[in-house]
Amino acid sequence: MRHTSLLLAATLGAALVAGTAQARDYSDIRLGVDLPYEPFMYRQADGELTGFEIELGEAVCAYLEATCTWVEQDWDGIIPGLLARNYDAIMSSMSINEERAQQVLFSEPYYTTPSVWVTALDREIDIDDRASLEGLVVGVQRATLQDNYVTELYGDVVEVRRYTGGSEVVTDMRAGRLDLAFMDYPVAESNMAIDTDESEFKRISGFIKEPAHIFGEGVGVAFRKRDQALADDFNEALTALKEDGTYDEIMNRYFSYDIKL
């Protein structure tokens with residue numbers, strides 16, 4: 001069989017290339033991730049990755065009898081990196097919304113968390129008084145739902161300052177270069193100890209999850225649109241991990257409240 005004609009070999013080769021996405025054996029699944037984003041994904045002192053989504057992704061790969069390889073990518077290039085085949089999926093707190101769904105295929109949503117406004121303890125800011133916000137500087141992570149929310153609803157009254165990562169927002173809050181930040185609540189918990197007596201910051205809003213056209217339907221794993229089979233595998237694995245208690249076990253290590261969808 002190894003002496004098949006060149007024409008037949010070329011024909012078979014073309015067919016295999018055309019069917020790569022469907023036929024590929026995903027024994028090693030490459031997952032795109034933007035670090036750090038505590039408590040979802042970050043490096044420990046020894047350099048090892050950890051966090052809610054890292055542990056959940058590893059559990060998904062174990063269920064699928066595959067190996068997870070985590071590929072770091074800045075957030076504003078994370079969808080282009082997926083489409084360029086730098087990794088097989090994005091598992092990095094990506095909320096499902098209509099704009100992204102035009103570019104990628106999403107798994108079923110597997111968690112949701114609220115966003116909040118925070119400021120320094122010694123500041124008195126009424127987020128509902130738009131006139132009083134005129135000229136204030138607000139920090140957000142670039143190209144996130146929080147960025148979209150502030151830009152759309154407050155961009156006419158505040159200066160929006162965008163950062164590559166959430167930790168940079170916190171750094172500038174501590175340095176007094178920002179008046180406010182709009183953040184995912186678990187990130188504010190991990191990086192600012194928000195809502196505790198030890199925090200140097202305070203929350204000045206309730207939990208914000210709307211409007212739906214900005215915040216979407218929850219967080220999902222993102223795939224290339226042609227990779228339906230891989231998405232189906234992830235949906236099966238996530239459902240199984242929720243049913244057997246693995247999801248809750250991981251969640252409870254990082255959160256004092258239920259984020260499961």
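The first residue in the sequence is number 1, and the count goes up from there. Just the heavy atoms: all of them, side chains too, but no hydrogens, waters or symmetry mates, feed the values below.
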Point-to-point distance, once rounded to the nearest 0.5 Å, from [atom1] of [X] to [atom2] of [Y]:
X: E53; Y: T50; atom1: CD; atom2: OG1; answer: 12.0 Å
X: I90; Y: L82; atom1: CD1; atom2: CG; answer: 4.5 Å
X: D88; Y: R224; atom1: CG; atom2: CZ; answer: 5.5 Å
X: T144; Y: M94; atom1: OG1; atom2: CE; answer: 11.0 Å
X: L83; Y: I78; atom1: CG; atom2: CD1; answer: 11.5 Å

For this session: Scan residues 112-123 for pairs that pass salt bridge (Lys or Arg N to Asp or Glu O under 4.0 Å), counting only residues two or more places apart or in two chains.
Result: R123-D179
Indicate whether any N or O donor in one side chain lies under 3.5 Å from an N or O acceptor in the other, for [X] and [Y].
X: S93; Y: Y111; value: yes
X: S95; Y: N97; value: no
X: T69; Y: D28; value: yes
X: T239; Y: Y63; value: no

Problem set entry | D46 (side chain) donor-acceptor with E48 (main chain) under 3.5 angstrom | yes
Exercise. Yes or no on side chain to side chain donor-acceptor pair (under 3.5 Å) for D172 and Y163, after CA distance, side-chain angles and deciding distance?
Worked result: CA-CA 10 Å; D172 270 14; Y163 297 81; 2.7 Å; yes
Are [X] and [Y] joined in one hydrophobic group, where the rule is that I, L, V, M, F, W and Y side chains link up if heavy atoms are under 4.5 Å apart?
X: I79; Y: M41; value: no
X: I127; Y: V150; value: yes
X: F106; Y: L238; value: no
X: I250; Y: M91; value: yes
X: W117; Y: M183; value: no

Heavy-atom closest pair, residues [X] and [Y]:
X: I29; Y: L64; result: CD1-CD1, 4.1 Å
X: I194; Y: V118; result: CD1-CG1, 3.7 Å
X: V104; Y: K225; result: O-NZ, 3.5 Å
X: M251; Y: I259; result: SD-N, 3.4 Å
X: Q141; Y: G166; result: OE1-N, 3.6 Å
X: I214; Y: E152; result: CD1-OE1, 3.6 Å

Exercise. Under the disulfide (SG to SG under 2.5 Å) rule, what pairs show up with a residue in residues 64-162, not counting sequence neighbours?
Worked result: C61-C68
For this session: Determine, stepwise, if the pair D156 / R130 fulfils salt bridge (charged side-chain N to carboxylate O under 4.0 Å, His left out).
Result: CA-CA 10 Å; D156 59 333; R130 290 181 63 84; 2.7 Å; yes
Problem set entry | N-O pairing of K202 and E124 below 4.0 Å | yes
For this session: Begin from the C-alpha positions of E72 and R43 and carry the test salt bridge (charged side-chain N to carboxylate O under 4.0 Å, His left out) through to its verdict.
Result: CA-CA 11 Å; E72 294 185 47; R43 287 195 183 279; 2.3 Å; yes
Would you please indicate if the ring centroids of [X] and [Y] are separated by under 6.0 Å?
X: F234; Y: Y110; result: no
X: F255; Y: F40; result: yes
X: Y247; Y: F52; result: yes

For this session: Evaluate the criterion side chain to side chain contact (heavy atoms under 4.5 Å, CB included) for residue pair W75 and S92; output intermediate values, then yes/no.
Result: CA-CA 9 Å; W75 184 255; S92 191; 4.0 Å; yes
Problem set entry | Test log, rule side chain to side chain contact (heavy atoms under 4.5 Å, CB included), inputs Q146 and D184 | CA-CA 7 Å; Q146 290 76 27; D184 196 32; 4.0 Å; yes
